[in-house]
Structure formats: C-alpha cells, structure tokens
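Working notes for the structure below.
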Amino acid sequence: MTFSLFDSRTQSLRAFVPLNEGQVGIYLCGPTVQGLPHVGHLRSALVYDQLRRWLEVKGFDVTLVRNVTDIDDKVLENADNTGEEWWALAYRFEVEFNKAYSLLAIKPPTYEPRATGAIPEMIALIERLIEAGYAYRAEDDSANVYFAADKWADYGELTNQRIHDMDADAEADLRGKRSPHDFALWKAQKLGEPESAAWSTPFGEGRPGWHIECSAMATKYLGSNFDIHGGGLDLRFPHHENELAQSRAAGDKFANYWLHNGLVNVQGQKMSKSLGNSIFAADLLGQAKPAVVRYYLGSAHYRSVLDYHDGVLTEAETAFGRIQNFVSRAQRSLGDIHLGAQVIDYLPEAFITAMDEDLAIPAALASLHDTVREGNTALDSNDQAALLKAAQSVIAMLDVLGLDHSDANSGDNGESRVLDALIQGLIAERNAARAAKDFARSDAIRDQLKAAGVSIEDAADGTHWSVI
RNA sequence: GGUGGAGUGGCUGAGCGGCCCAAAGCAACAGCCUGCAAAGCUGUAAACCCACGGGUUCAAAUCCCGUCUCCACCUCCA
C-alpha cells in the first residue's frame, strides 16, 4: 500500500508520507488567464486530477488548491490591446479554462483562489521578508520590492543550480535591483497602467510579483507546511525556485514534495506563440470526444514529454473505443453493472502497483487492456462469472482514471428514443433482407447507416448499433 | 557556460540490475466467426539483444566511463 512519488527537489522516488495521517494538501500552479487554454494546460490540470483521484481511492482526504493568476503583465497588456478591462479579460479566459476542465472531467479543486484575492497575505509575507533582511525596497525609491537571492544561501536548491553559474543577462535593466538575480516581490505601478490594477501598500502603489502570489496562496489555504506542490516543468525555474526561496526565507517550511509534469510538444517542437503551433483545448475537443482526449493525454507517463501530431487522437479513439465496446457488450449480456462502495476492491493488482509507483498510468492502461481482453474472452466463451469480474474491474479502472464509459446510446431524452426507433426499423429491414439473401439490399442499409455515422455489430444475440 | 531529461519493433509508448529471448495500444498478416464485413478471439511477423564504443557484474535495455544526436530550463510560459 505504499505510494511513491518522484520528488523533483531531491530528484528521487520517495515513499509518500503525509504530514497528517489520512490527509493530503496539494498546491498546484494554475494558469495565468491571459489567453485561451491549450493542450499543455489541460495535461497539467489532468495530471493532478489523476493524482487527486488516486489519493482519494486510497482513502485520503485531499485538499487541492489550484490558483488562478488573474493579474500579471500579460493580462494588462492583452487587455490594453482588446480594450477590455483587465479583470474582464481575466474572467473571460477563466471561464474558458473552467469549461475545458469540466469537459475533460477534471474535478473542481477544493479551492480555486485568484491572486487578486490574496493581496493582504502577500503584503504580510513581503513585510516579513523585509524584516528578516531577505527583501529590500528598490534602490531607486520606486514601490518595487525585491528578494535578495544571494542572501538566501539555499537559493538554487530546487533546481540544483548555483547563483554564479546562472546565465545572467548583463544588459538587463536593473530597475533598482542590487543584483540581476534578485526578483520582484512587489511591482510598482507603471505609467499608464489602470488604477484598478494597483493596490496601496506600505511600499507604495503597485501590484504583486508573480512568485509571491503562489507562496501566499499556498500557505493561506494549506498552512506553512504542506504535502505536495505541483506544476508544469517549465515552472521549475524560476517560478518554483523563487517560491521556495521566499517562503523558506520567511520561515515557512513550505512543500514536502515537488512534482513537475512534462510538457506537450507539437511534432517534436515546443509549443510557442512565435511558432504559431499551439494546439488549443478547442482544437482537441473539436476533434474527439472528451474521454478520448483524456485517454490520449494519459497515454504517456506524466513526467515524459507528450508529443502531439496528426493521428494521435485517432489512435486514442480506436484504443479507447475498444474498451468502451467491451463495456457495452458486457452490459448487454449482464445488464447494469454495479460496484460496491470500495472501488479499490475491484482493481487488478497490476493496476494498483502501477498507480502506486509514481502514477504510472501507461502501465495501468496496459492492465486495463489486459482485463478487457480477458473479459472479451469470457464473453465469447459464455463464462458469465469471469465476465462479471472483468467488467466490474474495467469499470472500476475507468472510474479511477476519470474516463467516462457511459454508453453513447443510453440516455433518456426524447431524441435518443426517436433515433433508436428509426435505426431499429432499418436494422429489422436489413435482417429481413439478409434472411432473404438479398445481400445487395442489406449492404446498402449498412452503408446508409455508416454514412450517417452509425456502425452496426452483428452479435449472437442480435444486431446492435452505436454512434461512431 | 550551468542544470535536468531523452535516444527501445513500422508508429505511440512502458520497463530502469536477474520474473526482459522487452508490457500495452495502433498499424500489418493469417486462422476462427460472418452471406460478406464490422466487432471479438487466437496466432504470426515485427526491437540484427534496447543510439554508438568501452567497462563493472555470476547477471545490464537497466550501473560506470567516453562519443554522437535530440529536447527542456537558466526571459513570460502548464
């Protein structure tokens, strides 16, 4: 029953031991809502959703905090371009993110704080840092406040770097910094920036630096010491390094485990605005069902690079369709399949082992497919007991992975009843034609249905249909 | 310059000292089933032994050294 996670800070697989027995606190860096959600955002949110679900299956009471960065240079810049209020733009994109998350069955976090809702906590944290001598007000008398990176001896501990090895940009404008490695805790209001984007503080008018937001929000909701901090690999430096430095310098223990998910590449290349190769949530969800997208995003280990290119969704669709097909066949044979309260009791050993080892979802999927094959074999040989066992097992695994197995044909609305009646009529006609050996007619009906997006399956117990 | 990661069958992608003559999926081929298909099952072929060259070990895809190639981070980024 041990559960291990790869901790980026120690760069090792560590057995997970929660601070408080039976409870887990997770802080996840959410998006800066300055644009539309892309495949990378989805993967990141999904990884931690899977982690959360697995911990819940294992009986933990999980508190998941995923923030929304709603104030930032880019938000202001983009709002300036569209002519919207910055907060209106932020809300607009936040809604888009939540829509995508919800489609993908990513459970809402326990708390989803916005950065602008934690300004007092940020100010308090900055004051503690100034007092402790790790932060200073800008040399140029602006409202900027910086963290003195070289004063904090452990700076670089998260990413195993030394300050003097870092590639500092010697040309950069210091803006009142003492050293180029220092980073902003508080940013002075700039000329032309809206009043609504500036808060009054003891240091002057301005807005928060990016890193301080997460430190403040994480400890506000999870306490000064909590279990897991997660985010995308690209946030490891400088964002997480800075978070860790400032929180520790302020006297907080902060996170016990650091998790980083791999990024999504597009045809072997990094996704970026300048390359114009970004794949947005809408692109994926327009091409395939949400469960298929979810399956695809889980097809590589969370720490590996996931490559996106043409055909990946089709492949996921076929693979996932095989699983769904089995569930439909099993349900036809067994009727509705119910699970008891303890989902974990239905999971194969191999599946549990895989999930327990740093959330090895690809290996877990292998176990899922193995079970589907066993179930199909049981179905073909009419072994009802073995079929039920396999079917329950498969449904339990899909449940844990958050993959929707519901039959597309089920549903109780009027339209689906009408549709079923019409299709059943055609199926009856086709079977009559087959009985009369009028295969030209029967094939024509099959083609007609296929053209309409309906596939049919001739089974021992009759003909069944499903939407392709 | 620094830090981290990767190179496994046609493709995706696990494995990270013996259970590996390397999982699972996709694609391919054959058989069973079918009027023919689809779905399903079974089997076959697929990785000149897991980038290349050395080494350690009774034992290496897995550890060490060297080489090559690729990627990421060190600037905003999930």
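In what follows, chains carry the letters A, B, and so on, assigned in the order in which the sequence lines appear, proteins first and then strands, with residues in each chain numbered from 1. What you see is a predicted model, and the numbers here were worked out from it, not measured in a lab. Scope of the values below: all heavy atoms of this structure, side chains included, with no hydrogens, waters or symmetry mates.
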With a 4.5 Å cut-off on side-chain heavy atoms, are A:Trp87 and A:Asp70 touching?
no
Can you tell me the Watson-Crick or wobble partner of B:C68, both distances under 3.5 angstrom?
B:G7
The Watson-Crick or G-U wobble partner of B:C63, with both key distances under 3.5 Å, is B:G55
Are OP1 or OP2 of B:C41 and a side-chain N or O of A:Arg322 less than 4.0 angstrom apart?
yes
Over all strands shown, is A:Gly232 touching base, sugar-phosphate only, or nothing at heavy-atom distances under 4.0 angstrom?
sugar-phosphate
Between A:Leu306 and A:Arg434, which is nearer to the 5' end of RNA chain B once each is assigned its nearest nucleotide?
A:Leu306
Would you kindly give the CZ-to-P distance between A:Arg373 and B:G43, to the nearest whole Å?
9 Å
Where is the tightest heavy-atom contact between A:Tyr346 and A:Ala396, given as atom of each residue plus distance?
CB-CB, 3.6 Å
In whole angstroms, the gap separating P of B:A14 from CG of A:Asp307 amounts to 12 Å
Aromatic A:Tyr257 / basic A:Arg14 pairing, under 6.0 angstrom, 45° off normal:
yes
Please walk me through it: do A:Glu429 and A:Arg441 pass salt bridge (charged side-chain N to carboxylate O under 4.0 Å, His left out)?
CA-CA 9 Å; A:Glu429 194 183 334; A:Arg441 178 68 193 135; 2.5 Å; yes
Any donor-acceptor pair under 3.5 Å joining the side chain of A:Asp443 to the base of B:G35?
yes
Mind checking A:Val264 for me? I need base, sugar-phosphate or nothing, with any heavy atom below 4.0 Å counting as a touch.
base
Applying a 4.0 Å non-hydrogen cut-off, can you work out what A:Ser381 is touching in the nucleic acid: base, sugar-phosphate, or nothing?
nothing
How would you label the contact of A:Ser455 with the nucleic acid (heavy atoms, under 4.0 Å): base, sugar-phosphate, or nothing?
nothing
Taking any strand in view, what nucleotide pairs with B:A22 in a Watson-Crick or G-U wobble way, both distances under 3.5 Å?
none
Could you tell me whether A:Leu263 contacts a base, only the sugar-phosphate backbone, or nothing, with contacts defined as non-hydrogen atoms closer than 4.0 Å?
base
How close or far is atom P of B:G5 from atom CG of A:Asp7, stated in whole angstroms?
13 Å
So which nucleotide does B:A14 pair with, by the Watson-Crick or G-U wobble rule with both distances under 3.5 Å?
none
Quick check: does any side chain N or O of A:Asp49 sit under 3.5 Å from a backbone N or O of A:Lys107, one acting as donor and the other as acceptor?
yes
In this structure, how many angstroms lie between the C1' atom of B:U12 and the NE2 atom of A:His309, rounded?
6 Å
A:Lys270 side-chain N/O to B:C73 phosphate OP1/OP2 under 4.0 Å
yes
Could you walk me through whether A:Arg434 and A:Thr463 pass the side-chain contact (heavy atoms from CB on, under 4.5 Å) test, one step at a time?
CA-CA 12 Å; A:Arg434 288 170 73 205; A:Thr463 302; 4.2 Å; yes
Name the nucleic acid region contacted by A:Gly156, choosing base, sugar-phosphate or nothing; use a 4.0 angstrom heavy-atom cut-off, strictly under.
nothing
Suppose you measure atom P in B:C32 against the same atom in B:G25; what distance do you get, rounded to whole Å?
23 Å
Heavy atoms under 4.0 Å, any strand shown: does A:Gln34 hit a base, just sugar-phosphate, or nothing?
nothing
Between B:C21 and B:C36, how many Å separate the two P atoms, rounded to a whole number?
42 Å
Contact class for A:His164 (heavy atom, under 4.0 Å): base, sugar-phosphate, or nothing?
nothing
Would you say the side chains of A:Tyr155 and A:Asn242 form a donor-acceptor pair under 3.5 Å?
yes
Please determine if a side-chain N or O atom of A:His369 lies less than 4.0 Å away from the OP1 or OP2 oxygen of B:A24.
no
Checking all strands, does A:Asp458 fall into the base, sugar-phosphate, or nothing category for heavy-atom contacts under 4.0 angstrom?
base
Please tell me if A:Asn160 has a side-chain N or O lying less than 4.0 Å from either OP1 or OP2 of B:G4.
yes
Base-pairing mate for B:A28 - Watson-Crick or G-U, with both contacts under 3.5 Å
B:U44
Using whole Å, report how far NE2 of A:His260 lies from P of B:C71.
22 Å
Please state the P separation for the pair B:A6 and B:C58 - nearest whole angstrom.
28 Å
In whole Å, what separates the P atom of B:G53 from that of B:A60?
16 Å
For atom P, what is the distance between B:U44 and B:G35, given to the nearest Å?
28 Å
Return the value, rounded to whole Å, for the distance between atom CD of A:Glu374 and atom P of B:C41.
11 Å
Taking atom C1' in both B:C19 and B:G31, what distance in whole Å separates the two?
31 Å
Should the ring pair A:Phe147 and A:Phe183 be called parallel, tilted or perpendicular, given that the plane angle runs from 0 to 90° and is split at 30 and 60?
parallel
Of the listed B:A37, B:A72, B:C41, the closest approach to the A:Leu233 side chain comes from B:A72
Measuring only the P atom in each nucleotide, how far is B:U69 from B:C52? A whole number of Å is fine.
16 Å
Between the base of B:A72 and the side chain of A:Asn265, is there any donor-acceptor pair under 3.5 Å?
no
For A:Gln50 and B:A78, give me the distance from atom CD to atom C1', rounded to whole Å.
15 Å
Scanning all shown strands, the Watson-Crick or wobble mate of B:C73 with both distances under 3.5 Å is B:G2
Option among A:Arg66, A:Arg114, A:Lys99 that satisfies the salt bridge (Lys or Arg N to Asp or Glu O under 4.0 Å) test with A:Glu94:
A:Arg114
Under 4.0 Å between a side-chain N/O of A:Asn325 and OP1 or OP2 of B:A39, yes or no?
no
Identify which nucleotide among B:A24, B:A14, B:C41 has an atom closest to any side-chain atom of A:Ala300, counting heavy atoms from C-beta outward.
B:A14
A:Phe439 near the nucleic acid: base, sugar-phosphate alone, or nothing, with a heavy-atom cut-off under 4.0 Å?
base
Sticking with atom P, work out how far B:C11 lies from B:U75, rounded to a whole angstrom.
37 Å
Phosphate oxygens OP1/OP2 of B:A14: is one of them under 4.0 Å from a side-chain N or O of A:Ser304?
yes
Out of B:A78, B:G5, B:C41, which nucleotide sits closest to the side chain of A:Gln11?
B:G5
Should the side chain of A:Arg446 and the base of B:C36 be counted as holding a donor-acceptor pair, with the cut-off at 3.5 Å?
yes
Is the A:His240 ring parallel, tilted or perpendicular to the A:Trp258 ring (thresholds 30°, 60°)?
tilted
Reckon A:Pro362 touches a base, only the sugar-phosphate, or nothing at all at heavy-atom distances under 4.0 Å?
base
Nearest-nucleotide wise, let me know which of A:Arg430 and A:Ala363 is further upstream toward the 5' end of RNA chain B.
A:Ala363
Would you kindly give the CE-to-P distance between A:Met271 and B:C73, to the nearest whole Å?
12 Å
